[in-house]
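Before any comments, here is the structure.
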Amino acid sequence: MPVELFEQKPSDALPIHLVAKGGLESAGLSQDVLAWANANGFAGEAGKLLVLSGTDGRLAGALFGTGKGDSGLAFGALARSLPEGNWHFATAPAQPELAALGAALGGYAFTRYGKKPGRALGLEVPAGVDAARLNRIVDAVFLVRDLVNTPTNDMGPSSLEAEVRKLAGIHGAEVRVTLGDDLLKHNFPMIHAVGRASDDAPRLIDLNWGSQDAPKVTLVGKGVCFDTGGLDIKPASSMLLMKKDMGGAANVLGLASMIMAARLNVRLRVLIPAVENAISANAFRPGDVLQSRKGISVEIGNTDAEGRLVLADALALADDEQPQMLIDMATLTGAARVALGPDLPPFYTDDEALAADLAAASVAVEDPMWRMPLWKPYDSKLSSKIADMNNVTTDGFAGSITAALFLKRFVEKTPGWAHFDIFAWNPSDRPHGPTGGEAQAIRALEKVISARFG
């Protein structure tokens, strides 16, 4: 079960003494505790825990190694190493908010299909830390992880719609859905084309919340609930993680949950084109030319570059309103992983102030991201001999940049736009999150949005 965060220390809370690497002698510990630590070879290595017992043999506390103290989220190791019970920091962490957050995030377990929850833990948040805000963040991250971890047989387009409606019901938001052939009627032809081969009909999910006269913040998330690659079919090994191809949708829902729970002064809109890129007789084909909502014709060079197609129609709709901030998130390219790896998602924007705010927030909350360029000379790589553009390039270079440039064609009116090419997955266990679905960039985005519109 998740780590429960308390504003006030429970009466039975046991102390966690923090020890830097090589800092035993200066940690203010008793001689008995020092002797015990030395006898067990404990020297403050990052993530190491040593349980303390009293003279009566009962649990009396713990020592936790902080190493060089580089990461607050490293405190996530506590969730998997502390004995059950309530705890408090006897030593003030250098980054108290991140330490408490890391400990809480480390308590996540995906239990839908029978996996056992973790141990029951409670933790007093350090003085001055807003426990309510931390709980909003934890709830959002766990929502993202749960959505991404759920396989497509239980998280297809209709199930994703149900999750959006559930979140909307909690916060009093409105949801409208354009379904199936109505996508053609309402001019979302590329969303329809990508999703029409699936038995679970394609749809555009449109959530709205907040005062009509508040600043507009619009979030667009790629909701490809499974990606076979279409007729340009992926090899089997590349399909194993394709349940996570709706990770962009999951992440914008996590961000939306934080915004709504905090009651920020924004008019929030969330747009999710929810589809399954399946294979059937009516699947769209390589060489097809699709019309987009914006009127730009797109030649299909590869059906496995479908995410940008559904995002394009949604972005064109969002851009019509000219929101103060427009964010899209998508598990869009393997090229982004080649460039920066799974833990460091690139983002793209021409808004210098927004880029600076995002970079600063990323460092402050340990939510890594890296700005990449919307390099205009590469725009010509998307040219087509028969249509306005192609959905892929022919040379294979700069795949993440050219995907961002593709999307940029559909955002002309909104200067405050940023595109995030996320992975939405931990390929291995980390202190604050196990292998599996992951929230990326939304904690930094929440900090920026709160600062601008809170």
Side-chain angles (χ1 to χ4, degrees), residues 1-109 111 115-132 134-135 137-138 142 366 429-434:
M1 61 185 296
V3 176
E4 187 173 0
L5 299 176
F6 299 109
E7 288 271 17
Q8 295 183 338
K9 181 172 66 177
S11 59
D12 61 346
L14 295 171
I16 304 168
H17 302 275
L18 306 181
V19 181
K21 186 174 182 179
L24 262 177
E25 298 298 330
S26 59
L29 304 172
S30 70
Q31 289 301 314
D32 288 343
V33 170
L34 285 174
W36 177 247
N38 287 320
N40 284 275
F42 178 87
E45 299 93 337
K48 298 295 184 181
L49 186 88
L50 179 64
V51 173
L52 305 176
S53 299
T55 55
D56 57 0
R58 294 183 180 181
L59 185 64
L63 304 182
F64 182 69
T66 60
K68 296 181 180 179
D70 294 328
S71 171
L73 295 183
F75 283 76
L78 288 170
R80 291 189 288 278
S81 56
L82 281 173
E84 286 200 3
N86 293 323
W87 296 85
H88 71 98
F89 289 115
T91 313
Q95 302 177 80
E97 182 174 289
L98 284 175
L101 178 63
L105 293 180
Y108 174 81
T111 60
K115 181 179 173 64
K116 300 301 181 184
R119 56 182 59 80
L121 295 171
L123 178 68
E124 179 201 19
V125 299
V129 173
D130 184 347
L134 285 191
N135 280 314
I137 296 172
V138 172
F142 284 12
E366 292 188 17
D429 288 349
R430 295 193 287 174
H432 63 282

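Q95 CD to L101 CG: the interatomic distance, rounded to the nearest 0.5 Å, is 11.0 Å. Note that CG of N38 is 6.0 Å distant from CG of L24, once rounded to the nearest 0.5 Å. Rounding to the nearest 0.5 Å gives a distance of 5.0 Å between CG of L50 and CG of N40. With values rounded to the nearest 0.5 angstrom, S71 atom OG is found 7.5 Å from L98 atom CG. Here the CG-NZ distance, from L14 to K9, works out to 10.0 Å after rounding to the nearest 0.5 Å. With rounding to the nearest 0.5 Å, the separation of CG in L78 from CG in L123 is 7.5 Å.
Residue pairs meeting the side-chain hydrogen bond (donor to acceptor under 3.5 Å, both in side chains) criterion with at least one partner in residues 22-35, sequence neighbours excluded, are absent. The ring pair (Phe, Tyr, Trp, His ring centres under 6.0 Å) pairs that include a residue from residues 15-53 number zero, where partners must be two or more places apart or lie in different chains. Applying the salt bridge (Lys or Arg N to Asp or Glu O under 4.0 Å) rule to pairs touching residues 86-104 yields E97-R133, sequence neighbours excluded. Each ring pair (Phe, Tyr, Trp, His ring centres under 6.0 Å) pair with one or both residues in residues 77-101, not counting sequence neighbours, appears once here: F75-F89.
In plain terms, the two heavy atoms of A100 and L5 that are nearest each other are O-CD2, 4.1 Å. The two residues A109 and P117 make their nearest non-hydrogen contact at CB-CA, 4.4 Å. The two residues L49 and P83 come nearest to each other via the heavy atoms CD2-CD, 4.4 Å. The shortest heavy-atom contact between A103 and A79 is O-CB, 3.4 Å. Summarising the geometry of V138 relative to A104, their closest heavy-atom pair is CG2-CB, 3.7 Å, with the distance given to 0.1 Å.
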Name every donor-acceptor pair, under 3.5 Å, that has one atom in a side chain of residues 51-66 and the other anywhere in the protein, sequence neighbours excluded.
unit_1	atom_1	unit_2	atom_2	d
D56	OD1	R58	N	3.0
T66	OG1	V19	O	3.4

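By the side chain to side chain donor-acceptor pair (under 3.5 Å) test, D429 pairs with T435, sequence neighbours left out.
Proximity of a side-chain donor or acceptor of E366 to a complementary backbone N or O of L73 within less than 3.5 Å is detected.
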